[in-house]
Amino acid sequence: MLTLMIMLMLAPSPAPGPDDSVLSRPLSTSAFTSLDLSKDEREHDYDALYYTVEIEVFPSTEEFVCSAGIRFTPTTAGFGTLLLDLRELSVDSVWDSSGPLTWSHTGDSLLVTLGSTMNPGDTSEVFVSYSGTPWNEGAGGWGGFWFHAYVYYHMGVGVYSDQPSMGRVLFPCWDHPTDKAGVDLIVTVPDTLYAVAGGDLQSIDTSTDGTATYHWSQPEPMSTYLAALSVSDYVVLQDSTIDWIYYYVYPWEIDDALGSYVNVDLMMTNFETVYGDYPWASKFSYVMTPKGDMEHLTQVYHIAAAVNGFTTYDWLLAHEMSHHWWGDCVTETEWTDVWLSEGFATYSEAIWFESYGQEEYDEYIRDEIMIPYLNSGELFPLTAPSTPAELWSYTTYQKGASILHMLRYVLGEVAFWEAMGTYFDEFAYSNCCTDDFRDHIETAYGADIDWFFDTWVHDWGYPVYDLEYSWTETDGDWEVTVDLEQIQTTGPVFTMPLEFAVTGASEDTLVVMWNDQVIQTETFAVPFEPTEVLFDPDNHILSTHLTGIEDRPLPPALGTGALHFTPNPANSVTLLNWAGMDDAGLTVRIFDLAGRLHTEMNMAAGERQMDISSIPPGLYLVLASGPGNIRQTAKLLIR
C-alpha cells in the first residue's frame with residue numbers, strides 16, 4: 001500500500017501587487033464606529049409614487065435653490081401626516097393643491113401635516129421649497145454632494161450614516177431602499193456647463209440670465225440612493241455600436257475615454273445574454289467624477305483616474321454595469337443584505353471574463369475573488385455587518401461572489417441559471433432578502449439547501465481541510481481512501497460535495513465525497529493504479545487549498561477588520577489602522593493606479609505612523625502585509 005499525506009493542493013499564488021478591487025468600494029476613510037443597520041422601524045404608512053425635483057446649482061457659492069413635488073398614496077386609513085427625510089437644507093415653505101401646509105423640520109425629519117386625511121387608493125402631491133448648502137461626509141468621505149473646481153456631483157451612498165441612503169441630501173423623500181418611485185431631476189446650471197442625471201434627457205432650455213436647464217426623467221421605480229446629478233464641462237460621447245449608451249467625459253479626457261470604453265458594448269451584450277435584456281427603458285452611461293465608482297441608475301459615476309486610455313479597469317466597468325440588474329433593479333430590502341448587490345456585481349466581473357473563455361473565468365475567480373478574501377483575514381458572517389468596515393468589505397464583495405461561484409457548482413449550470421432567472425423575474429423593480437434568494441436556489445436545487453446557507457452565508461469563516469490519501473490494489477482494481485479533517489478554529493463544520501481528481505499513468509477520474517463531518521473517511525474504487533490525488537481540481541470550494549501550503553492564510557482568532565487610514569486624505573503623515581493586526585509587524589507598499597510601486601516601508605509592532613511627505617499628490621493603493629500571509633489593500637488620497 002502506498003500512502004501519500006498532503007494538507008492542501010499547491011496552487012499558484014497571486015502576484016504580490018495591490019488588490020485594485022477596492023476601487024469598487026465606497027469605504028476609504030476612518031469612520032469605523034458601529035452602525036445601526038437594522039430594519040428602519042419608523043412607521044411608513046404611504047407609498048411614494050413620483051418625485052419631481054427642480055434644483056438650481058450655484059457653483060460660486062456652493063448652494064442649491066430647489067423645489068420638489070412628492071406624489072404619494074397612503075397605505076393606511078385616516079392618513080394625515082407625511083414624514084420625509086431631508087438633510088441640512090432649509091425648508092422655506094410646504095403646500096399642496098389646497099394651499100399652504102403646516103410643517104416642522106428637525107434633524108433629517110420633515111413632518112408635513114396634510115389639510116385633510118386620506119385613505120388607501122387616494123393620491124396627492126405635496127410640494128416643498130428649500131435651499132442651502134448641500135451636505136457631504138467631509139474630507140475623505142463618500143456620500144453627499146461635492147463641489148470641486150471643475151465638477152459638482154452627488155454620491156448616493158454614505159459610509160457614516162446608520163442608513164446609507166443619501167437621497168435626502170438632494171430632495172425630500174422616504175430615503176430607504178424599499179420605497180421605489182420614479183424621479184425627474186430638472187437641473188439648472190450656468191450655461192457653460194452640462195448637467196447629467198438619471199433616465200433620459202427630455203429637454204435643454206437656455207435662458208437670457210446665462211443659465212441652462214436640463215430635464216432628466218426616470219419614470220421606472222427606483223430606490224432613492226440611486227438618484228444623482230453631476231455638473232461639469234462634459235463632452236457627450238455616444239457609443240458607436242449601441243446608440244443608447246453614452247459617456248460623459250471631461251474635454252481633456254476624450255482620447256483616453258475612447259480607449260478605456262472600447263469594450264463597453266461587448267459587456268452589455270454579454271450581460272444581456274446571461275442576465276436578460278437591459279431592464280431599463282432609458283440610456284446606460286458612464287459619467288466621469290473625482291470619486292467612484294457608484295452605480296447610480298442609468299449613470300455610473302466612474303472614477304476619472306481609471307479612464308487612462310487602456311482597458312485596465314474593464315472589471316470595474318463590468319461590476320458597475322451589472323448593478324443595473326443586481327442592486328438597481330433587484331434591490332436588498334435592508335442594508336445588511338448588501339451582498340445581494342455587491343457580491344452579485346463582483347461575481348459579474350468573472351462573468352465578463354468568462355466571455356473570453358473558461359480559463360479566464362477560472363483564473364479570475366481564483367486570483368481576484370477567492371484568494372483576496374482568504375488573504376484578507378476577515379471571518380465575520382456575510383449577512384451580519386455591523387460597521388462600515390464590515391459593510392464594504394472583502395466579505396461582502398469577494399466572499400459574496402464566491403457564494404455564487406459555489407452555488408453554480410452545487411446546482412449545476414441549468415439549475416443555477418434557472419434560479420437566477422426566476423429570482424430576477426420575481427423581484428425586478430422590487431426588494432428582497434437573502435432568504436428570498438435562498439428560496440429560488442432551493443426550488444431549482446430540488447431539495448433543502450439550508451445546509452449551504454446556514455454555514456457559508458450566515459456563519460463565520462471558511463473550511464480548512466487536512467487531507468490524507470492512500471491507495472491499495474484489490475482484485476485487479478485500486479481502492480483510493482480519502483481521510484479528511486476540517487481543522488478551522490473559527491466557524492462551523494462546512495457541508496459540501498468535494499471533488500478529488502485521481503490520476504494514473506494514462507487515465508484519470510473524478511470522485512466526489514459528501515463532506516458534512518469534522519472527521520470523515522471514504523474509499524473509492526478506480527480501475528487503474530493511481531499516481532496522484534488532487535483535491536478540488538477546478539477550484540469550486542472557498543478554502544485555503546487555493547493559496548497552497550506555503551501561503552496558507554493564518555488569520556487572528558477573531559479575524560481582522562478592514563485596513564484604513566487616519567486622516568484620509570492626508571498630506572504629510574497618516575496613521576495605518578487595521579483591527580486584529582495591531583501587534584504585528586507589517587510591510588506596507590504604496591502603488592499608483594498604474595500598478596507601479598512608489599514606496600515600501602516596514603513597520604514594527606505598534607508602529608503605525610506613515611511618513612508620506614515625499615509622495616506626490618494623487619490616489620494610491622496601499623498594500624499592507626502581515627504575518628500569517630494576511631494582506632489587505634486600501635485607498636489613500638494624498639494631497
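Worth knowing before you read on, the calculation uses all heavy atoms, side chains too, and leaves out hydrogens, waters and symmetry mates. Counting begins at 1 with the first residue of the sequence.
Side-chain contact, E349 with Y347: no donor N or O sits under 3.5 Å from an acceptor N or O. Inspection of the D184 and S217 side chains reveals an N or O donor paired with an N or O acceptor under 3.5 Å. Side chains of E62 and T133: no donor on one and acceptor on the other come within 3.5 Å. Side-chain N/O atoms of S129 and W95 include no donor and acceptor closer than 3.5 Å. Under the 3.5 Å distance criterion, with hydrogens and angles disregarded, no donor-acceptor pair is assigned to the side chains of T75 and D45. Side-chain contact check for E334 and T336: no donor-acceptor pair (N or O, by modelled atom type) lies under 3.5 Å. Counted by atom type alone, D293 and H319 present zero donor-acceptor pairs between their side chains at under 3.5 Å. One side chain, E426 or H440, offers a donor N or O that lies under 3.5 Å from an acceptor on the other. Inspection of the Q632 and S376 side chains reveals no N or O donor paired with an N or O acceptor under 3.5 Å. Under the 3.5 Å distance criterion, with hydrogens and angles disregarded, a donor-acceptor pair is assigned to the side chains of T213 and T188.
Taken from CH2 in W146 to OH in Y153, the straight-line distance is 6.5 Å, to the nearest 0.5 Å. A distance of 10.0 Å separates NZ in K399 from CH2 in W339, rounded to the nearest 0.5 Å.
Counting only residues at least two apart or in different chains, salt bridge (Lys or Arg N to Asp or Glu O under 4.0 Å) contacts with residues 88-116 comprise R87-D108, D108-R168. Within the structure, the ring-ring contact (aromatic ring centres under 6.0 Å, His included) test picks out the following pairs touching residues 197-228 (sequence neighbours left out): Y194-Y214, Y225-W335.
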Could you pull out every donor-acceptor pair under 3.5 Å between side chains of residues 201-212 and any protein atom, sequence neighbours left out?
unit_1: Q202; atom_1: NE2; unit_2: D200; atom_2: O; d: 3.1
unit_1: S207; atom_1: OG; unit_2: D209; atom_2: N; d: 3.3
unit_1: S207; atom_1: OG; unit_2: D209; atom_2: OD1; d: 2.9
unit_1: D209; atom_1: OD1; unit_2: T211; atom_2: N; d: 3.1
unit_1: D209; atom_1: OD1; unit_2: T211; atom_2: OG1; d: 2.6

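Annotation: side-chain contact (heavy atoms from CB on, under 4.5 Å) contacts of E54 (sequence neighbours excluded): S67, I186. Applying the side-chain contact (heavy atoms from CB on, under 4.5 Å) criterion to P221, with sequence neighbours excluded, gives K180, Y429. For A384, the side-chain contact (heavy atoms from CB on, under 4.5 Å) partners are P381, not counting sequence neighbours.
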